[in-house]
Asker: 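My structure is below; once you've seen it, I'll send some questions.
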Amino acid sequence: TVPAMVLAQRGMPPIGLIVATLVGGTIAAGSANAINCYLDRDIDELMARTRRRPLPAHQVEPERAVVLCVDEKSQIQALDRTAPILPMLPGTPERATHDYRRSGTSSLYAALDLASGKVIGSLHARHRAIEFKRFLQTLDAEVPAHLDVHLIIDNASTHKTPTIKRWLLAHPRFVVHFTPTSASWLNLVEVWFSIIERQAIHRGSFPSVRDLNAKIRAFIDGWNDRSH
């Protein structure tokens, strides 16, 4: 805003005018957002877009169902630094070599419980529909049988193969809710993937895929112990 005012004025406008413009613009934008939120609060219901979708229609009772945000973090690289990482010291940041050795990759499937924050994780060497089916079987075994399971997942091709569709039809307690196309970032589990990347993977050194998997499993165990 200020650069545009300077260009229009061909010089520096009065300070009072700049302040008034910024304050007025902030108030106008905030008011418009509040009005839009108020007017659009029931738009999905009015347009009947959520009538048959139990999550946005508030038809999922916590006592009868669990909501899991599901996705996979594929091809996590096990990178081994060519020299030991030097720890942080007073006045000196942590230091690591720029080069590394690749030891292989691992794919992490994760389901974040929306209510408790706990994570069910499974590690696989590959990233295909068959691995996703195995993860669904893991969820089926982990979630108590009396609960319905609502899955929030993206539109990846491995989530919609005939094999997966047949499995879901054979397990009617599983209900799938796809995120909009090209909007998988809306899935809360993506935030958790960012956390595990920053806290357990990015700054690590892993001589083997086994070491990488052990670190990931330890992080998940610690996360679940702290979640509430």
Side-chain angles (χ1 to χ4, degrees), residues 44-45 47-76 105-197 209 213 216-228:
D44 282 334
E45 182 178 354
M47 296 182 67
R49 292 189 301 198
T50 61
R51 186 171 299 167
R52 297 186 179 182
R53 296 170 57 193
L55 280 184
H58 307 291
Q59 298 172 3
V60 178
E61 300 178 12
E63 297 80 9
R64 299 176 53 189
V66 60
V67 179
L68 300 177
C69 301
V70 175
D71 204 355
E72 55 274 348
K73 185 174 177 62
S74 60
Q75 296 183 328
I76 306 171
T105 63
S106 184
S107 292
L108 169 62
Y109 289 80
L112 175 67
D113 188 327
L114 193 61
S116 68
K118 293 185 180 295
V119 171
I120 300 172
S122 181
L123 290 158
H124 297 272
R126 302 183 66 179
H127 171 225
R128 302 169 298 174
I130 187 169
E131 281 78 25
F132 183 60
K133 178 182 176 181
R134 290 171 184 165
F135 184 56
L136 291 177
Q137 292 170 337
T138 299
L139 297 181
D140 192 30
E142 291 282 343
V143 178
H146 69 281
L147 295 176
D148 291 336
V149 184
H150 292 263
L151 303 180
I152 311 298
I153 60 177
D154 61 24
N155 288 274
S157 59
T158 54
H159 299 163
K160 299 187 290 186
T161 64
T163 299
I164 299 302
K165 292 179 180 178
R166 286 193 296 269
W167 191 92
L168 291 172
L169 287 174
H171 298 78
R173 74 171 180 143
F174 280 75
V175 182
V176 174
H177 308 270
F178 290 105
T179 59
T181 303
S182 301
S184 60
W185 54 271
L186 291 171
N187 199 339
L188 189 60
V189 74
E190 300 294 343
V191 176
W192 186 81
F193 281 147
S194 174
I195 294 173
I196 191 175
E197 170 67 28
V209 173
N213 288 346
I216 292 174
R217 292 191 179 100
F219 183 88
I220 293 175
D221 290 342
W223 176 275
N224 289 336
D225 289 340
R226 297 187 302 271
S227 65
H228 53 78

Asker: With a 3.5 Å distance limit and no angle check, can you tell me whether R173 reaches the backbone of L147 through a side-chain donor-acceptor pair?
Answerer: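 Side chain of R173 to backbone of L147, a donor-acceptor pair under 3.5 Å: yes, one is there.
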
Asker: Below 30° counts as parallel, above 60° as perpendicular, anything between as tilted: where do the rings of F132 and F135 land?
Answerer: tilted

Asker: Please report the shortest heavy-atom distance between T163 and K133, naming the atom on each side.
Answerer: CG2-CD, 3.8 Å

Asker: Return the minimal non-hydrogen interatomic distance between L112 and G117, and the atom names on each side.
Answerer: CD1-O, 3.2 Å

Asker: Apply side-chain contact (heavy atoms from CB on, under 4.5 Å) to the pair W192 and I220, showing each step before the final yes or no.
Answerer: CA-CA 10 Å; W192 186 81; I220 293 175; 3.8 Å; yes

Asker: Does the side chain of V67 come within less than 4.5 Å of D113's, by heavy atoms?
Answerer: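 No. Closest side-chain heavy atoms not under 4.5 Å.
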
Asker: Measure the CD-CD1 distance between E72 and I153 for me, rounded to the nearest 0.5 Å.
Answerer: 8.5 Å

Asker: Checking the side chain of K118 only, and the main-chain atoms of N224 only, is there a donor and an acceptor separated by less than 3.5 Å?
Answerer: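 Answer holds: yes.
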
Asker: Got D148 and V175 here, is their nearest side-chain heavy-atom distance under 4.5 Å?
Answerer: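 The answer is no, as the side chains (C-beta and beyond) never meet within the 4.5 Å cut-off.
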
Asker: Answer yes or no: is there a side-chain heavy-atom contact under 4.5 Å between I76 and L108?
Answerer: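 SC-SC contact between I76 and L108 confirmed.
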
Asker: Just so I know, are the side chains of L188 and L114 near enough to count as touching, which here means a heavy-atom distance under 4.5 Å?
Answerer: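 Contact flag for L188/L114 side chains = yes.
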
Asker: Provide the closest heavy-atom pair for C69 versus N187 in the form atom of the first, atom of the second, distance.
Answerer: CB-OD1, 2.9 Å

Asker: Which atom names give the shortest non-hydrogen contact between T179 and S184, and what distance separates them?
Answerer: OG1-CA, 3.8 Å

Asker: Can you check side-chain contact (heavy atoms from CB on, under 4.5 Å) on H150 and V66, steps first, answer last?
Answerer: CA-CA 6 Å; H150 292 263; V66 60; over 6 Å; no

Asker: Would you name the heavy atoms of S106 and N213 that are closest together and state the gap between them?
Answerer: OG-OD1, 2.8 Å

Asker: Do L123 and S107 make a side-chain contact, defined as non-hydrogen atoms from C-beta onward lying under 4.5 Å apart?
Answerer: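 The answer is no, as the side chains (C-beta and beyond) never meet within the 4.5 Å cut-off.
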
Asker: Determine whether V70 and Y109 make a side-chain contact, defined as any pair of heavy atoms from C-beta on separated by less than 4.5 Å.
Answerer: no

Asker: Answer yes or no on whether K160 is positioned over the face of F178, meaning its NZ or CZ is under 6.0 Å from the six-membered ring centre and within 45° of the axis.
Answerer: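 So K160 does make the cation-pi contact.
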
Asker: Return the CD1 to CG distance between I152 and L186, rounded to the nearest 0.5 Å.
Answerer: 10.5 Å

Asker: Roughly how far, to the nearest 0.5 Å, is OG of S74 from NE2 of H124?
Answerer: 12.5 Å

Asker: Set out, in order, the CA-CA distance, both residues' side-chain angles and the distance that settles side-chain contact (heavy atoms from CB on, under 4.5 Å) for W167 and Q137, then state yes or no.
Answerer: CA-CA 9 Å; W167 191 92; Q137 292 170 337; 3.7 Å; yes

Asker: Return the minimal non-hydrogen interatomic distance between V119 and A110, and the atom names on each side.
Answerer: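 Heavy-atom minimum between the residues: CG1-CB, 4.1 Å.
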
Asker: Is T138 reaching over with its side chain to a backbone N or O of R134, donor-acceptor style, under 3.5 angstrom?
Answerer: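 Yes; judged by distance alone, with no hydrogens or angles, the pair exists.
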
Asker: Answer whether the closest heavy-atom distance between the side chains of H159 and D154 falls below 4.5 Å.
Answerer: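 Counting from C-beta outward, H159 and D154 do come under 4.5 Å.
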
Asker: Between I216 and I196, is any pair of side-chain heavy atoms under 4.5 Å apart?
Answerer: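 They are in side-chain contact.
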
Asker: Just wondering, are more than 12 heavy atoms of other shown residues or ligands nearer than 6.0 Å to CD in Q75?
Answerer: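 Count not over threshold, so no.
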
Asker: Give the C-alpha distance, both sets of side-chain angles, the deciding distance and a yes or no for side-chain contact (heavy atoms from CB on, under 4.5 Å) between V149 and H171.
Answerer: CA-CA 10 Å; V149 184; H171 298 78; over 6 Å; no

